[in-house]
Amino acid sequence: LALTGCRATPTTADVNQQVTINATATGATSVRVDFGDGTTASALPATHTYATPGAYTVTITATGAGGTTETCRLTVNVGDQFCTRITDLN
């Protein structure tokens, strides 16, 4: 079992902007993506939009034969770009 190439695209997103989570899970019988906000997916690539600004830890877990697991974690930073632009104008 190997879990490689874990990535989020983009790693910094606006609220309601789609984020794609991907990795290569070689020898996995199942994959689980925990987006860090209470939602999950069971396949890669996985897409998600965040409704609230914050720093989210995304956890990808691959499970292989016999229950062995490999895990990787990513951080996705979500902001409100509209509010940032308004602040920049002031």
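Along the sequence shown, the residues carry numbers beginning at 1. Computed from a predicted model, the values in this text were never measured in an experiment.
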Could you pull out the closest heavy-atom pair between [X] and [Y], with the gap in Å?
{"X": "A51", "Y": "N16", "result": "CA-OD1, 4.1 Å"}
{"X": "N77", "Y": "A55", "result": "OD1-CB, 3.4 Å"}
{"X": "A41", "Y": "A46", "result": "CB-CB, 3.9 Å"}
{"X": "Q17", "Y": "P10", "result": "NE2-CG, 3.7 Å"}

Just so I know, are the side chains of V33 and L44 near enough to count as touching, which here means a heavy-atom distance under 4.5 Å?
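SC-SC contact between V33 and L44 confirmed.
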Can you establish whether the number of heavy atoms outside R73 located under 6.0 Å from its atom CZ is more than 12?
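No, because the 6.0 Å sphere around CZ of R73 holds 12 heavy atoms or fewer from other groups.
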Centroid-to-centroid, F35 to Y56, below 6.0 Å?
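Centroid distance F35-Y56: not below 6.0 Å, so no.
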If you round to the nearest 0.5 Å, how far is [atom2] of [Y] from [atom1] of [X]?
{"X": "D14", "Y": "D80", "atom1": "CG", "atom2": "CG", "result": "7.5 Å"}
{"X": "T63", "Y": "L1", "atom1": "OG1", "atom2": "CG", "result": "7.5 Å"}
{"X": "T11", "Y": "L74", "atom1": "OG1", "atom2": "CG", "result": "9.5 Å"}
{"X": "I21", "Y": "H48", "atom1": "CD1", "atom2": "NE2", "result": "9.0 Å"}
{"X": "R32", "Y": "T71", "atom1": "CZ", "atom2": "OG1", "result": "10.5 Å"}
{"X": "T61", "Y": "D34", "atom1": "OG1", "atom2": "CG", "result": "8.0 Å"}

Is there a donor-acceptor contact under 3.5 Å from the side chain of N22 to the main chain of T24?
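Answer holds: no.
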hydrophobic_cluster_shared for V19 and V31, side chain cutoff 4.5 Å:
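V31 and V19: one cluster.
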Intermediate values then yes/no, side-chain contact (heavy atoms from CB on, under 4.5 Å), I60 and L3:
CA-CA 9 Å; I60 305 170; L3 184 60; 4.1 Å; yes
